[in-house]
There are 2 protein chains.
Amino acid sequence: MQTQSIHGAIATSLWVKSAIVTRQLDSSLGAVHGIGLSEYMVLFRLSRAPNKSLRRIDIADELARTASGITRLLAPMEKTGLVSKETNERDARVSLVKLTSAGEELFQNATVTLEARAESLLKNFDQKKADNFLKLLNRL
Amino acid sequence: MQTQSIHGAIATSLWVKSAIVTRQLDSSLGAVHGIGLSEYMVLFRLSRAPNKSLRRIDIADELARTASGITRLLAPMEKTGLVSKETNERDARVSLVKLTSAGEELFQNATVTLEARAESLLKNFDQKKADNFLKLLNRL
DNA sequence: TCATATTACTTGTATAGTCAAGTATATATC
DNA sequence: GATATATACTTGACTATACAAGTAATATGA
């Protein structure tokens, strides 16, 4: 049995651990607020965007998803009124996604749930370790 | 616009970054060796298991997947001869998965590809940062 | 200024995985 | 030892994506 290189070990661990974290956050958000983690991430990005609106393609880039994934993710969110579709008068190809007030309210509530769950998942991390972990993640 | 808590920020970053890493590794492995990252992970676990065999449920636990996901993942791997099915005479419920020599050879080659790709994804990490990152990941 | 390329988005099709229910076997309890 | 519960696995139905191809609008450049 050989030893894995440090890079391989990081990739492996990242893959396994992210599945655990994602599943737990997803199921908490689903149970309490009826949205998935991906939907939460969309709301999160919109909430901090200027004018609370973004192009679909920018959401896709920021969330590391494809444009088609975003189209499909947004469809039910539009239907339930969490976001609305707006046009860009300068460029008719673009369809802007805007956070509605219902979406914003849901987002605020969901944030409480998400952060509580995330905190419990990270209970083994003190402040310094958590800061360090985040810095290292963002270095990727 | 509010600031996200450190725990929320870690969850967000982990979710985005793991998608990027997973997609790249998956596509490299697929292009060069015709297997996905999940399949690679199965081979990896088997390669270091005693007798190179594991119960399906243990693979599921180690990879943070469900038993049914493992059943579906293994089916094509059996068909292409990367793993074989064995029975456990002590417990007829169990079907052991064993790495074949073809599976082992593919695994060795795929490891080269994976580690090269992982190394390039982690080019911003020096030895010390990489060690630290792995420790922090495993603390989850 | 028109032809070509690029961009933003959508849609058809496919895959990886989940969850719930089902089957077979094993373990525990009375 | 019979019955109830738990475990290992599979299967049907569904969801969340991806990729490739298609459409429409915009930008580029001879």
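Each chain gets a letter, A, B and so on, in the order its sequence line appears, and its residues count up from 1.
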[atom1] of [X] versus [atom2] of [N]: gap in Å, rounded?
X	N	atom1	atom2	result
A:Arg55	C:dC9	CZ	P	6 Å
A:Asp61	C:dC9	CG	P	10 Å
B:Leu74	D:dT10	CG	P	8 Å
B:Arg56	C:dT23	CZ	P	19 Å
A:Ile35	D:dT15	CD1	C1'	16 Å
A:Leu37	D:dT15	CG	C1'	15 Å
B:Ile57	C:dA26	CD1	P	15 Å
B:Ile20	D:dT17	CD1	P	15 Å

Any donor-acceptor pair under 3.5 Å linking the side-chain atoms of A:Gln4 with those of A:Thr12? yes
Donor-acceptor under 3.5 Å (A:Ser95 side chain, A:Thr87 main chain):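 Checked: no pair found.
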Item to complete: May I ask you to list the residues of residues 84-96 of chain B, by number, that have any heavy atom positioned under 4.0 Å from an atom of DNA chain D?
Response: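 Within this stretch, B:Lys85, B:Arg93, B:Val94, B:Ser95 sit under 4.0 Å of the strand.
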Margin query: I'd like to check B:Val112 versus B:Gln108 (side-chain heavy atoms, cut-off strictly below 4.5 Å). Are they in contact?
Written below: no
Given the rule in the salt bridge (Lys or Arg N to Asp or Glu O under 4.0 Å) test, do A:Arg56 and A:Glu78 qualify, once you have shown the distances and angles that lead to the verdict? CA-CA 13 Å; A:Arg56 281 146 195 266; A:Glu78 279 164 24; 2.7 Å; yes
Review point. Mapping A:Thr71 and A:Ser27 onto DNA chain C by nearest heavy atom, which one lands closer to the 5' end?
Key: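 Upstream on the strand: A:Thr71.
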CD1 of B:Ile57 to OG1 of B:Thr66, rounded to nearest 0.5 Å, is 10.0 Å
Checklist entry - So, for B:Val21 and A:Leu140, which heavy atoms are closest and what is the spacing to 0.1 Å? => result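 Heavy atoms only, the tightest pair is CG2-CD2, 4.1 Å.
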Shorter than 3.5 Å, N or O on both sides, protein versus nucleotides 14-17 of chain C: list them out with atom names.
{"unit_1": "C:dG17", "atom_1": "OP1", "unit_2": "B:Ser38", "atom_2": "OG", "d": "2.5"}
{"unit_1": "C:dG17", "atom_1": "OP2", "unit_2": "B:Ser38", "atom_2": "OG", "d": "3.4"}

Under 4.0 Å between a Lys/Arg side-chain N and an Asp/Glu carboxylate O for B:Arg93 and B:Asp91? yes
From the list B:Asn138, B:Asp131, B:Asn132, B:Leu136, side-chain contact (heavy atoms from CB on, under 4.5 Å) with B:Leu134 holds only for B:Asn138
**Study point:** Fellow cluster residues of B:Leu96, listed by chain then number, with links counted only when side-chain atoms sit under 4.5 Å apart
**Key:**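 Result for B:Leu96 is B:Val94.
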- Query: Can you find an N or O donor on one side and an acceptor on the other, under 3.5 Å apart, linking the side chain of B:Ser68 with the base of D:dC9?
  - Reply: no
